[in-house]
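Order of listing sets the numbers, starting from 1, for every ligand and every atom in it.
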Amino acid sequence: MALSWHLRTQDSSVIQTALSVTCDFDSGNIVVLDASSPQNVQLAIRPDTRSPHFQWFHFKVDGMQVGEPHAFSLTNASESSYNRAWTGYNAAASYDQKTWFRIPSQFDGKALNFELSPEQPQIWFAYFEPYSRERHDGLIDQALNKAGTELLATGKSVEGRDIPLLRKGDGAPGKRKIWIIAQQHPGEHMAEWFMEGIIERLQENDPELEALLASADLYLIPHMNPDGSFHGHLRTNAQGKDLNRAWQDSTAELSPEVYFAREQMEKYGVDMFLDVHGDEEIPYVFTAACEGNPGYTEQQKALEADFRARLSGLTKDFQTRYGYPKGQPGKANMNLACNSVGERYKCLSLTLEMPFKDNDDAPDIVTGWSGKRSMQLARDVLTVLGQMVSVLR
Ligand code: GEM
Ligand code: ZN
């Protein structure tokens, strides 16, 4: 961490030299290479623990001269996990950790560069609007005390952080069991913003929601990978495991987070599954499904089409033109949650992807894709689930 100090010229005007750049906080991630020149701050992103993956960054800059140009360079961007994703990407920034906005950024084939003349002496930068552990704790409290959910079980991460499984509904026989899990990949902070949208709407009983909850219970895991997020990881848990590659062989030692989720699914059953993620490269909201599964059914195919048609009809913040390549029949990687759960329970099973960049069908030049838009998408997904609950089986 470089300390800031000031030199004074003869007319006592202040010439700024080094800045203070820090990341010793929840989801912090940066390595300071050289912060001695405010117009050329050289930084690097730190890889996940026990893993080569990196892309998530989150750091604070103190000691800036208001109104003076400051330039930052993430010098190892070209070596990141999704290095093609930096083109068209703009860094997220905030002066108060509450209101986030985008800073025009340029990828030069090696580094991601961005500059600003700050309105305040301190600022935070991040790959996406962070969802903090403190906000997570408040969300769980909201879910239990205002949204009428119950705490069904609590898993533990590698480092012992709680992984609450919440249920909205009484578990009565015959009710559909709709599971929504989020942030297996810890750097995909939009996922828990999405879960806040779910829990926010559960506090606003409306006819659509009542129809859904009359026939279905919601099983919610708002955060699958708390260790990874706390440590500023992009992709893995504290053991360096990609949780979305552990759904066939999870262990209590290496991937206890998935081990817990699968155990609870076996206990309660699954009639619909949504695994909430973020995507680095594609500037749209989309879903991936389990069409490559060996046991893929016509009903699953029809339900996927129905869900996609309904959601794209409801909001411009969802589309089906762009997304991942379709899986080849029988060639699916069964270690992915969506595929594993779809095969095991023969239910509608989807991966939902929100962009780190923006939705190019409805761009917001100030925020790009954001926590607030993730929350609104969740509200729209609940509307679609209410429309589909009677046909899920
Ligand atoms: C993705 S899901 C990958 C799905 N790929 C295809 N082609 N269906 C992952 O785990 O890599 C989810 C994510 O990381 O956001
Ligand atoms: Zn992901």
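- Every ring pair (Phe, Tyr, Trp, His ring centres under 6.0 Å) that Y131 has, sequence neighbours left out, goes to W193.
- One N or O on the side chain of D227 and one on the backbone of V158 form a donor-acceptor pair closer than 3.5 Å.
- Here the two rings, on W86 and Y127, have centers that are under 6.0 Å apart.
- Using the six-membered ring where Trp is involved, H223 and H136 have ring planes that are perpendicular, over 60° apart on the 30 and 60° scheme.
- Geometrically, R133 does not engage F230 in a cation-pi contact, judged by NZ or CZ lying under 6.0 Å from the ring centre and within 45° of the ring axis.
- Here F72 pairs with F114, F125 under the ring pair (Phe, Tyr, Trp, His ring centres under 6.0 Å) rule; sequence neighbours left out.
- Between Y268 and W179, the ring planes lie tilted relative to each other; the angle falls in the 30° to 60° range.
- How far CD1 of I30 is from CG of L43: 4.5 Å, rounded to the nearest 0.5 Å.
- Within 4.0 Å of ligand 1, counting heavy atoms only, the contacting residues are H185, E188, R235, N244, R245, H277, G278, A288, Y324, P325, L336, E353.
- Counting only protein N, O or S atoms, the number found under 2.8 Å from the Zn ion (ligand 2) is 4.
- For the residue pair W100 / S370, no side-chain donor-acceptor distance below 3.5 Å is found, with atom types taken as modelled.
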